[in-house]
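Here the structure is a predicted model, which means the values were calculated and not measured.
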Amino acid sequence: FLQRVAFLLSSHITLLLILTRISSSIMCKPDIKVKEITTGEMVSALHKKSEDSGAFTTEALLELAKELLANYGETEQEWSTAGNWVVEEVKVLKLHPESKPLEEMDEYAYTQTAAIRASFSSAVKAYIVSTIASLENQLKTKKEGETSSVELVTKQRTIETAEGSVEVHGPVSLPLIPGVSFETWSKPSNVDYEGFNNENAKPGVCLLLGAGNQAILSAIDCLHSIFALRCPVLLKHHPLRPHLIHPYSIVFKPLLEKGLMNQILDLGLPKTTELLGNALISHVHITGAFQTVNAIQKTLVEIRKDVKTIKDAAAMVTSELGCATPFIFPPALYTEKEMRNAAKSFVTSKKYGGGSNCLCGQVLVLPKEWSQNQRFREILLEEFATTEKDPIYYPGSLKKRDSALSAYSSTKDNNNDKDNDDGKGGRRRSSILSATPAVINFEEPEDDDIVLVECGTPGEEDFNGYSLTEEAFGPVVAVVELPGGGVDDVTDPVKYMQEVVAPFVNDKEKLFGTLSCTLLWPESISESTKMPQTDEGLLKAIACLQYGTVAVNSWSVFGYLAALSGGTWGGSPRDNLRHSGSGAVGNHFGLPIEKTVMYGAPLTNAPILDKKNPPPAIVHDCLHAFTISSSTFGAMVNVWLVLAGRSLQFFLPKFMTRWIFGERRYGAAL
């Protein structure tokens, strides 16, 4: 009887998968016809749309967002494979060489293809779903007597800080990330600053200069420009990632068809300059480097008659830039497990993508007299040595690493520690952290080890802050030791944060950027590990950090996900130097936000993201299958199909699996 049941079940699954395969073969042939017009004509057409008052009403945008969401789910078979973009992504990341066939892809690279697709699908859907909730909330609250039912809006409290009252919204759980929540903090009542404001920007077209390091960033920036800024967008793809034009053409088909968006490949600096000079471009957004934004603003002043000063140019440019992201350790007693998990989070953040992410850890802020300073360093070096490294792929990253090596070659001092002698009468200030490569695909692998540099203690004669004052965007780790923090660790951690840590990390002449930071808070000083938002000491420590996102006991990567659900992602509005950019993405519900605070699990818990133990590809594929579904039932069916299909491939004859699934595992990104 059981054999008959098993046979019938497998037959039904096989038939269903065959039908799915036939359907896929019909659907996965996107006919993307791009009318050949000049960029000037594109801008003119988009500008006409910006003058259409009916295109950007709340009602029209709500219908558009719903259409986008439906298109996203219905065309998944197309955009998932369009232009083989996921494969192109791992090639850019140097995880798979051009010379090798896909069948020989390394298992780690294969897992990354699944992770790339899953992160893209989950991020796009999260932003669209939050946008729909926001627009529905706007329409609902317009009606007399109606109040908001959005949890992030209604869950509100006030906390008192040294700078006055702060309006807090949340915390709310982060979708699909267990144990992680976030809340938003307003500007304190006794603080006044201008911040960044482009509300008075004239109508026109947004020129979006695409990001070079992640497939998802430009997609979210496009959505933010249209739904938050309410202006049409011309996306210029980054030269590293021209392949993204294929999935974007399908995911954003409703925007393209309605004339609210267009996209072009990078055609070099002269063409970009020509676009910047077009008077119909009223807004420029870039995800990139601080130096690039300065160059854009200078160019606008030079070539635009309507842009007289750098201040005028700055008013029309929004940006998400980098940061020398600090991991901050207050003086306290940490267990071995807490130190190990903190080290894992930092190492994972630094090694993914070769460290070429705006939120990867770069600076370890340690108390100089902390009794566990040396033990933590030992654990940190163990984690660096035993965690596989990704290739360094981003242009200029190795050059920055070599510059750091040169800046910290040695420092003359009176230290007689022979084990730390550089052999030239000075103390060694840099170390090469070697590790096994995550993939061994290249005949001549590049020298892509991480460099750790010792900055010393501010105020002391041998202090060297070179690697604190610029974003490395690559394999550089800087350690800075702040004064004090000893006396058997009875130092008041809150007072230490307020009087020692905050004055240093908030000083942008000393530490570059304000995009995000991580604050470690062990159980020995926690008032509540289950409800950290009620811990008065922790809240005081958070309050003194002037960063766009403050992540507690976690890598700040989840802070970007919070921005997709109503939080914000961007530099602190207090930073007049704008190291990390101007403006922020997110804030769907129009809350008064100075910073987003993200709470991870207690440090006694293993980090959700650990590069030594990454989730297998099947987990990412199931997440993708769940995300693309429009209902709970549909999600269960899609996940079941992936699991069943993957299992059947082990039992069906090879000729059948090739016909049903092609050359890939069922449900995979390839």
### Message
Classify the ring geometry of Phe120 against Trp79: parallel below 30°, tilted from 30° to 60°, perpendicular beyond 60°.
### Response
tilted
### Query
Hey, is the main chain of Gly288 close enough, under 3.5 Å, to the side chain of Asn213 for a donor-acceptor pair?
no
### Task
With Asp390 as reference, evaluate Lys611, Lys351, Lys94 under the side chain to side chain donor-acceptor pair (under 3.5 Å) test and give the passing residue.
Lys611
### Query
Which pairs count as salt bridge (charged side-chain N to carboxylate O under 4.0 Å, His left out) when at least one residue sits in residues 172-181, sequence neighbours excluded?
none
### Query
Is there a donor-acceptor pair under 3.5 Å between the side chain of Tyr248 and the backbone N or O of Ala219?
yes
### Main-chain N/O of Gln546 paired to Arg574 side chain as donor or acceptor, under 3.5 Å
no
### Query
Stepwise, does the ring pair (Phe, Tyr, Trp, His ring centres under 6.0 Å) test hold for Tyr127 with His588?
CA-CA 9 Å; Tyr127 193 95; His588 301 73; 4.5 Å; yes
### Message
Taking Glu88 first and then Arg241, would you say they form a salt bridge - that is, a charged N and a carboxylate O separated by under 4.0 Å?
### Response
no
### Task
Can you measure from NE2 (His243) to CG (Leu265) and round to the nearest 0.5 angstrom?
11.0 Å
### Query
Can the positive tip of Lys187 be found less than 6.0 Å from the middle of the six-membered ring of Tyr193, inside 45° of the ring normal?
yes
### Heavy-atom donor-acceptor pair, Lys236 side chain to Leu267 backbone, under 3.5 Å
no
### Query
Between Thr514 and His579, is a side chain to side chain donor-acceptor pair (under 3.5 Å) present by the stated rule, with each step listed?
CA-CA 7 Å; Thr514 61; His579 282 165; over 6 Å; no
### Message
Would you call the rings of Tyr394 and Phe473 parallel, tilted or perpendicular, taking 30° and 60° as the class edges?
### Response
perpendicular
### Message
Do Trp569 and Thr549 make a side-chain contact, defined as non-hydrogen atoms from C-beta onward lying under 4.5 Å apart?
### Response
yes
### Task
Say whether, by atom type as modelled, one donor and one acceptor occur between the side chain of Ser565 and the main chain of Ala562 under 3.5 angstrom.
no
#### Entry: Side chain proximity check, His620 to Pro615, heavy atoms < 4.5 angstrom
yes
### Backbone of Leu359 reached by a side-chain donor or acceptor of Asn357 within 3.5 Å
no
### Query
Ignoring hydrogens and geometry, is there a side-chain-to-backbone donor-acceptor pair from Asn71 to Val251 under 3.5 Å?
yes
### Task
Check whether any side-chain heavy atom of Val557 lies under 4.5 Å from a side-chain heavy atom of Ser349, and answer yes or no.
no
### Message
Check this for me: does any side-chain nitrogen of one of Asp621 and Arg117 sit under 4.0 Å from a carboxylate oxygen of the other?
### Response
yes
### Query
Is the count of non-hydrogen atoms from other residues, nucleotides or ligands lying under 6.0 Å from Lys155 atom NZ greater than 12?
yes
For residues 319-327, tabulate all N or O donor-acceptor pairs below 3.5 Å that involve a side-chain atom, not counting sequence neighbours.
unit_1 : atom_1 : unit_2 : atom_2 : d
Ser319 : OG     : Ser582 : N      : 3.2
Thr325 : OG1    : Cys360 : O      : 3.4

### Query
Under the criterion side chain to side chain donor-acceptor pair (under 3.5 Å), which of Ser580, Ser556, Ser572 is the partner of Ser516?
Ser556
### Message
Can a donor-acceptor pair be found, under 3.5 Å and without considering hydrogens, that links the side chain of Gln263 to the backbone of Ile245?
### Response
yes
### Query
Does any N or O in the side chain of Lys350 come within less than 3.5 Å of the main-chain N or O of Gly474, such that one atom is a donor and the other an acceptor?
yes
### Task
Taking side-chain hydrogen bond (donor to acceptor under 3.5 Å, both in side chains) as the test, write out the residues that go with Trp185, two or more places apart.
Glu183
### Task
Mind checking the CG-CD1 spacing from Leu643 to Ile618? Nearest 0.5 Å is all I need.
5.0 Å
### Query
When you check the gap from the basic side-chain N to the acidic O, do Lys66 and Glu136 get nearer than 4.0 Å?
yes
#### Entry: Leu276 and Ile281, any side-chain heavy atoms less than 4.5 Å apart
no
Please set out all donor-acceptor pairs under 3.5 angstrom arising from side-chain atoms of residues 168-181, sequence neighbours excluded.
unit_1 : atom_1 : unit_2 : atom_2 : d
His169 : ND1    : Leu152 : O      : 3.2
His169 : ND1    : Val153 : O      : 3.1
His169 : NE2    : Glu167 : OE2    : 2.6

### Task
Go through the structure and list residues passing side-chain hydrogen bond (donor to acceptor under 3.5 Å, both in side chains) with Thr39, not counting sequence neighbours.
none
#### Entry: Counterpart residues, side-chain hydrogen bond (donor to acceptor under 3.5 Å, both in side chains), relative to Ser134 (two or more places apart)
Gln138
